[in-house]
Student: 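Sending over a structure as structure tokens; questions will come in a sec.
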2 protein chains.
Amino acid sequence: MTDSPFPVSEIVASRRPHRKDAARNYDALVTAAREAFAERGADVSLEDVARRAGVGIGTLYRNFPTRRDLFESVYADEVNALCRAAVDLAGLEPWEALTSWLDRFTGYMVTKRAVREALNDESEIFQACRDSMYAAGGPLMERAQKAGAVRTDMEIGDLLRMVSGITATAFDDDAQRNRVLGIALDGVRAGR
Amino acid sequence: MTDSPFPVSEIVASRRPHRKDAARNYDALVTAAREAFAERGADVSLEDVARRAGVGIGTLYRNFPTRRDLFESVYADEVNALCRAAVDLAGLEPWEALTSWLDRFTGYMVTKRAVREALNDESEIFQACRDSMYAAGGPLMERAQKAGAVRTDMEIGDLLRMVSGITATAFDDDAQRNRVLGIALDGVRAGR
DNA sequence: ACTCTACTGGAGGCAACCCTCCGCTTCAAC
DNA sequence: GTTGAAGCGGAGGGTTGCCTCCAGTAGAGT
């Protein structure tokens with residue numbers, strides 16, 4: 001919509017079709033795919049996604065010629081939301097702001113099982129997503145570093161990989177996941 | 001073979017068939033499967049595994065009626081090796097011993113992409129694997145805790161999940177992976 | 001050496017999913 | 001309101017992987 005400092009916004013907008021029914025179907029597909037990826041992993045059957053979205057399989061293929069195209073759109077959508085969240089957090093204390101954002105990160109990243117691979121993908125759109133995410137999270141990180149809350153021998157990419165790795169693994173329950181994440185984040189704090 | 005404190009050893013031994021050709025094929029299958037899982041993920045085609053092992057698909061299915069059976073055997077094999085490694089490390093300094101073992105952990109766990117799920121699986125054999133692994137790693141952990149090297153508000157299960165989560169994610173290179181792992185392990189050290 | 005048993009391997013039927021294609025429908029511009 | 005273009009959906013052909021079944025083969029005890 002409005003211009004944004006994050007390249008991913010352009011991409012998200014440019015892919016959505018113009019006609020009314022087409023746009024509605026496009027949205028339904030992305031939503032359905034997000035849910036499907038979240039609960040059955042990144043290799044759900046595309047037929048299943050189309051069914052969830054209430055559209056024909058042909059419509060899915062017209063919008064997303066390959067599985068990757070679909071995943072890219074879902075992912076870009078989440079990154080986009082995440083970038084906007086980073087801006088809203090500027091008011092908080094540096095460490096607080098950073099961890100709150102990481103919280104959102106684990107929340108939005110419903111596609112997390114597949115994010116692992118996306119993080120190292122060379123394609124243009126993933127590049128843009130990564131750049132946008134670093135552009136969103138980098139400042140929070142640097143601010144926390146300048147404030148002496150975060151060690152200076154690491155960067156935002158390290159942190160995101162750490163967090164996404166941990167949150168993507170299976171735990172007994174959320175309590176354990178948070179505990180472990182907290183421990184790892186203790187390693188991130190400055191001054192040991 | 002010889003009796004061992006780790007339940008997983010029994011299981012590994014009990015599954016291997018007696019006849020010579022059968023045993024040879026069994027071994028070939030487990031090895032082929034380990035390689036295949038390592039390089040193409042846990043959903044390789046079983047036909048491919050059989051081909052790698054140089055046996056017919058029928059032979060594979062006789063030994064391993066389901067994909068899960070095959071994965072269990074590969075996994076149990078690795079856990080078994082890992083348990084034995086833990087015993088050998090008793091001589092080192094507590095912290096050193098623990099981190100060396102974690103090193104082996106990430107090395108042996110070629111099946112790591114699938115380990116994530118295995119860690120929470122309820123089946124008998126995974127239970128035994130988990131128990132064995134905790135029995136092997138637990139003492140190293142506790143020793144490090146008694147020595148004041150590791151924080152006391154966590155246990156071996158937390159640590160293994162943390163490590164396996166991080167090592168299973170994609171990184172630019174090994175240097176980054178080790179750096180991030182090191183940071184997380186700093187959070188594990190006592191006395192912050 | 002012989003036999004009986006356990007094991008072998010791959011042909012083939014089945015199911016799932018992929019993706020294309022095209023007759024029908026809906027939109028929006030005029 | 002008309003019309004042409006854009007979009008719709010699902011039938012169906014192709015591919016791939018799963019798993020069974022059984023005629024043939026090789027090991028172990030005698």
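Keep in mind the model is a prediction, meaning the values are calculated, not measured.
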Student: Does any part of the side chain of B/Thr106, heavy atoms only, come nearer than 4.5 Å to the side chain of B/Leu102, both counted from C-beta?
Tutor: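 Result no, sub-4.5 Å side-chain heavy-atom pair not found.
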Student: A/Ile57 has a side chain; which of C/dA11, C/dC27, C/dT20 sits nearest to it?
Tutor: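 That would be C/dT20.
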Student: Please report the interatomic distance OH(A/Tyr75) to CZ(A/Arg34), rounded to the nearest 0.5 Å.
Tutor: 13.5 Å
Student: Just the rounded figure in Å: distance from C1' of C/dC24 to CG of A/Asp21.
Tutor: 14 Å
Student: Using whole Å, what does the distance between atom C1' of nucleotide D/dC8 and atom NE2 of A/His18 come to?
Tutor: 19 Å
Student: I want to confirm an ordering. Mapping B/Pro17 and B/Glu47 to their closest nucleotides on DNA chain C, which one lands closer to the 5' end?
Tutor: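 This one resolves to B/Pro17.
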Student: So which nucleotide from C/dC7, D/dC8, D/dA11 ends up closest to the side chain of A/Arg62?
Tutor: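 Among C/dC7, D/dC8, D/dA11, the one nearest the side chain of A/Arg62 is D/dC8.
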Student: C/dA6, C/dA28, D/dG7: which one has an atom nearest the side-chain heavy atoms of A/Ala22?
Tutor: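 Nearest to the side chain of A/Ala22 among the choices is D/dG7.
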Student: For A/Ser100 and A/Asp103, does a side-chain donor sit closer than 3.5 Å to a side-chain acceptor?
Tutor: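 No, A/Asp103 and A/Ser100 have no side-chain donor paired with an acceptor closer than 3.5 Å.
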Student: Consider the side chain of A/Val55, meaning its heavy atoms from C-beta on, and name the nucleotide among D/dG9, C/dC18, D/dG7 that approaches it most closely.
Tutor: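 Between D/dG9, C/dC18, D/dG7, the one nearest the side chain of A/Val55 would be D/dG9.
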Student: Contact class for A/Thr59 vs. all strands (heavy atom < 4.0 Å): base, sugar-phosphate, or nothing?
Tutor: base
Student: Looking at the side chain of A/Arg19, which of C/dT26, D/dG27, D/dC8 is the nearest nucleotide?
Tutor: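 Output: C/dT26.
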Student: Between P on D/dC18 and CZ on B/Arg51, what's the gap in Å once rounded to a whole number?
Tutor: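 Answer to the nearest Å: 10 Å.
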Student: Let me know the distance between CG of B/Asn63 and P of D/dT20, rounded to the nearest Å.
Tutor: 14 Å
Student: B/Leu46 CG to C/dG9 P: how many Å, rounded?
Tutor: 16 Å
Student: Rounded to the nearest Å, what distance is computed from the CG atom of residue B/Asn25 to the C1' atom of nucleotide C/dG10?
Tutor: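 Going from CG in B/Asn25 over to C1' in C/dG10 covers 14 Å.
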Student: Go through it in stages, so that I can follow the logic: the residues are A/Gln176 and A/Arg179, the test is side-chain hydrogen bond (donor to acceptor under 3.5 Å, both in side chains), and I'd like the CA-CA distance, side-chain angles, deciding distance and then a yes or no.
Tutor: CA-CA 5 Å; A/Gln176 190 190 26; A/Arg179 174 154 35 101; 5.7 Å; no
Student: To the nearest angstrom, how far is A/Leu70 atom CG from C/dC18 atom P?
Tutor: 11 Å
Student: Picking from C/dG9, D/dC18, D/dA11, which would you name as closest to the side chain of B/Tyr61?
Tutor: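 Selected nucleotide: D/dC18.
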Student: Over how many whole Å does the gap from A/Leu29 atom CG to D/dG9 atom P extend?
Tutor: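 In whole Å, D/dG9 P and A/Leu29 CG are 9 Å from each other.
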Student: Check whether the side chains of B/Asn80 and B/Ser9 place a donor and an acceptor atom closer than 3.5 Å, and report yes or no.
Tutor: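 Yes, because at least one side-chain N or O of B/Asn80 sits under 3.5 Å from a partner of the opposite role on B/Ser9.
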